[in-house]
Amino acid sequence: MELTVHTSGACRIIIERGCMDAAGGRAGELFKPGAKAVVIGDSNVLPLYGKRVLDSLKAAGFSASPFSFPAGEESKRLSSIEAMYAECAARGLTRSDFIVALGGGVTGDMAGFAAATFLRGIPFIQIPTTLLAQIDSSVGGKTGVDLPQGKNLVGAFHQPGLVLIDPDTLSTLLPRYFSDGMAEAVKYGCIKSRALFDMIVREEISQKIEELIFRCVDIKREVVERDEFDTGERMLLNFGHTFGHALEKLYGFKKLSHGEAVGIGMVMMAKCGENAGITKAGTTNEIIAALKKYNLPVKDEMPVNRILEATALDKKSSGGMISLIMLREIGESFVDRVSRGRLAELTGAL
Ligand code: NAD
């Protein structure tokens with residue numbers, strides 16, 4: 001399966017079992033033989049898949065070398081980027097060379113940010129290996145790192161030249177991370193597609209994984225093509241994230257994973273919508289059932305007033321107003337710009 005995202009450039013996305021072994025040939029369609037490539041992966045993924053990607057790149061005539069960093073969100077910081085710059089400089093990369101991001105969202109966001117900024121921008125390729133990265137973070141060109149003050153506070157838009165999605169890599173993923181990705185899949189269904197939502201709820205998803213990835217990426221493609229720089233429709237992709245990010249932050253990014261927090265955030269937002277008569281009755285229960293199927297939590301004991309306080313630094317917040325992503329029903333969403341007072345009102349009955 002294949003699709004192309006047309007933004008500032010065109011980016012081909014290939015979804016195919018075993019396609020990481022063809023990384024060299026695919027890169028050969030974009031870069032000259034002899035070009036240098038630094039393959040960036042974390043300490044879990046590089047030992048699992050690094051050799052296959054490096055061998056394929058070398059067989060295609062590229063001069064490829066690995067760069068590893070410790071796995072985990074704690075690594076997603078500027079000091080890791082500095083180490084990546086040092087490696088790229090030591091290897092003498094120029095703007096005709098490229099970076100390969102091999103791994104989950106942490107790797108993709110960081111390697112992409114290093115590519116966006118080294119020499120004011122060099123090309124990069126994404127080879128995502130978590131479900132979350134395959135259906136979401138590898139597509140659309142958002143790159144960046146966290147600051148002690150919050151997640152993803154520093155970054156750049158930088159589109160990958162190519163995304164190679166190999167669903168076979170999901171076989172080595174821990175179940176918790178698979179569930180994490182499913183929370184984002186539920187989100188896509190909620191905001192844009194009743195049919196996708198029904199597939200997630202009704203089907204044995206491991207039998208439909210390529211179709212799931214394709215449908216999610218296709219939704220992201222459509223949204224990103226219309227709003228590459230996140231000023232309007234792209235905000236819909238943040239359904240559940242306002243409260244989700246707040247929860248992640250309140251727990252110091254330890255108790256809840258991103259997907260778990262977003263799942264709880266989606267339930268909270270749907271409840272707010274139902275209470276206010278904006279969202280069709282019964283929607284919250286449908287979301288709860290979908291999340292439970294993938295072993296995701298649907299509520300948390302954190303007091304609502306603390307969650308509200310923690311939304312103050314939200315990137316969708318400015319001038320005392322915040323952009324909320326609300327559902328009319330499953331498959332239909334919109335951005336509602338509300339005051340903080342209205343937000344408190346909406347959450348009042350939670
Ligand atoms: P991650 O990259 O940390 O990967 C999760 C864990 O799985 C890590 O321990 C990793 O080493 C391991 N792993 C990865 N692939 C594996 C495989 N195939 N087999 C075995 N282990 C494997 O986390 P993630 O959940 O993929 O991504 C989360 C990050 O993505 C967050 O930082 C979030 O901010 C970011 N994100 C970015 C965007 C975007 O548009 N850029 C969108 C959503 C999320």
Side-chain angles (χ1 to χ4, degrees), residues 5 7 11 17 20 40-50 52-53 68-77 80-81 101-113 115-116 124 126-147 150-160 163-185 187-188 209 216-217 219-221 223-224 227-230 234-241 244-245 248-249 253 256-263 265 296 315:
V5 184
T7 50
C11 171
R17 293 187 183 273
M20 70 162 58
I40 297 178
D42 72 24
S43 49
N44 293 330
V45 175
L46 214 52
L48 283 170
Y49 301 110
R52 282 169 60 186
V53 173
S68 176
F69 67 88
E73 184 76 28
E74 308 77 56
S75 286
K76 198 174 157 187
R77 52 167 75 171
S80 304
I81 301 292
L102 173 65
V106 167
T107 303
D109 279 14
M110 283 210 294
F113 185 61
F124 83 117
Q126 290 265 21
I127 308 184
T129 62
T130 62
L131 183 60
L132 180 140
Q134 295 185 346
I135 65 171
D136 192 351
S137 62
S138 65
V139 177
K142 277 193 186 174
T143 72
V145 290
D146 303 334
L147 292 182
K151 257 174 81 82
N152 299 328
L153 289 184
V154 173
F157 289 97
H158 189 51
Q159 297 293 339
V163 182
L164 293 177
I165 300 176
D166 184 343
D168 280 345
T169 58
L170 301 179
S171 64
T172 53
L173 200 60
L174 291 175
R176 187 180 187 199
Y177 291 118
F178 187 83
S179 295
D180 235 29
M182 285 310 301
E184 298 285 356
K187 173 199 78 180
Y188 281 115
I209 203 73
C216 292
V217 170
I219 291 174
K220 182 136 189 198
R221 175 198 62 71
V223 171
V224 168
D227 177 24
E228 181 176 2
F229 298 111
D230 206 9
R234 190 165 179 171
M235 286 189 222
L236 295 179
L237 298 170
N238 278 315
F239 175 55
H241 285 57
H245 278 160
E248 277 186 276
K249 200 174 142 202
F253 301 98
L256 295 170
S257 70
H258 180 67
E260 289 165 352
V262 167
L296 288 155
K315 287 197 287 306

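Order of listing sets the numbers, starting from 1, for every ligand and every atom in it.
Of all atoms in ligand 1, numbered sequentially from 1 with element shown, those under 4.0 Å from a heavy atom of Gly104 are 2 (O), 26 (O). Atoms of ligand 1 lying under 4.0 Å from at least one heavy atom of Ala71, given by number and element, are 11 (O). Listed by number with element, the atoms of ligand 1 under 4.0 angstrom from any heavy atom of Lys220 are 40 (O). Of all atoms in ligand 1, listed by their number and element, those nearer than 4.0 Å to a heavy atom of Tyr49 are 18 (N). Counting atoms of ligand 1 from 1 in the listed order, those under 4.0 Å from a heavy atom of Thr169 are 17 (C), 18 (N). The atoms of ligand 1 that sit less than 4.0 Å from any heavy atom of Asn152 are 34 (O).
Neither side chain, Glu260 nor Ser179, offers a donor N or O lying under 3.5 Å from an acceptor on the other. Side-chain polar atoms of Tyr49 and Thr172 form a donor-acceptor pair below 3.5 angstrom. A donor-acceptor contact closer than 3.5 angstrom is absent between the side chains of Lys187 and Asn238.
Residues Phe124 and Ala115 approach most closely at CB-CB, 3.6 Å, considering heavy atoms. Glu74 and Ala71 get closest at one heavy-atom pair: OE1-O, 4.3 Å. For Thr107 against Ile40, the heavy-atom pair with the smallest separation is CG2-O, 3.3 Å. Here the shortest heavy-atom pairing between Met110 and Ser80 reads SD-CB, 3.7 Å.
Annotation: side chain of Lys151 is not in contact with side chain of Lys249 (no heavy-atom distance under 4.5 Å). Counting heavy atoms from C-beta on, the side chains of Phe229 and Arg234 never come closer than 4.5 Å.
Of the heavy atoms in Asp109, only side-chain atoms (C-beta onward) come closer than 4.0 Å to ligand 1. By the criterion of a heavy-atom distance under 4.0 Å, the side chain of Leu48, and not its backbone, is placed next to ligand 1. No part of Glu184 comes within 4.0 Å of ligand 1, judged by heavy-atom distances. In Leu132, the part holding a heavy atom less than 4.0 Å from any atom of ligand 1 is the side chain. No part of Glu248 comes within 4.0 Å of ligand 1, judged by heavy-atom distances. In Val139, neither the side chain nor the backbone holds a heavy atom less than 4.0 Å from any atom of ligand 1. Contact annotation for Asp42 and ligand 1: only side-chain heavy atoms (C-beta onward) come within less than 4.0 Å of the ligand.
Among all protein heavy atoms, the one lying closest to atom 31 (C) of ligand 1 is Glu73 OE1, 3.3 Å. Scanning the protein for heavy atoms near atom 12 (C) of ligand 1, the closest one is Asn44 ND2, 4.2 Å. Closest to atom 13 (N) of ligand 1 among all protein heavy atoms lies Val45 CG2, 3.6 Å. Counting protein heavy atoms only, atom 17 (C) of ligand 1 is closest to Thr172 OG1, 3.4 Å. Considering only non-hydrogen protein atoms, atom 43 (C) of ligand 1 sits nearest to Asp136 OD2, 3.7 Å. Residue, atom and distance of the protein heavy atom nearest to atom 33 (C) of ligand 1 are Lys151 NZ, 3.6 Å. Of all protein heavy atoms, the one closest to atom 3 (O) of ligand 1 is Val106 CG2, 3.3 Å. For atom 16 (C) of ligand 1, the nearest protein heavy atom (residue, atom name, distance) is Leu173 CD1, 3.5 Å.
Among Gly181, Gly105, Gly108, Ala101, the residue whose heavy atom lies nearest to atom 29 (C) of ligand 1 is Gly105. Among Gly141, Gly112, Ser137, the residue whose heavy atom lies closest to atom 39 (C) of ligand 1 is Ser137.
The N/O atoms of His258, backbone and side chain alike, include none that comes under 3.5 Å of an N/O atom in ligand 1. Residue Lys142 has at least one N or O atom closer than 3.5 Å to an N or O atom of ligand 1. Ligand 1 has a nitrogen or oxygen under 3.5 angstrom from a nitrogen or oxygen of Lys76. Checked against a 3.5 angstrom limit, the closest N/O atoms of Thr143 and ligand 1 fall outside it.
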Query - Lys220 and Asp136: CA distance, side-chain angles, deciding distance, salt bridge (Lys or Arg N to Asp or Glu O under 4.0 Å) verdict - result: CA-CA 7 Å; Lys220 182 136 189 198; Asp136 192 351; 2.7 Å; yes
Query - CA sep, side-chain torsions, deciding dist, call: His258, Glu73, side chain to side chain donor-acceptor pair (under 3.5 Å) - result: CA-CA 10 Å; His258 180 67; Glu73 184 76 28; over 6 Å; no
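With ring centers used as reference points, His158 lies 6.0 Å or more from Phe113.
A salt bridge is absent between Asp109 and Lys142: the closest approach of a Lys/Arg side-chain nitrogen to an acidic carboxylate oxygen does not fall below 4.0 angstrom. Salt-bridge annotation for Asp166 and Arg17: absent, with no side-chain N of the basic residue lying under 4.0 Å from a carboxylate O of the acidic one.
One distance of note links CG of Leu174 with CG of Asn44; it measures 8.0 Å at 0.5 Å rounding.
Taking a 4.0 Å cut-off on heavy atoms, Gln134 fails to register as neighbouring ligand 1.
Tested against Val45, the residues Val53, Val106, Leu102 include a single side-chain contact (heavy atoms from CB on, under 4.5 Å) partner, Leu102.
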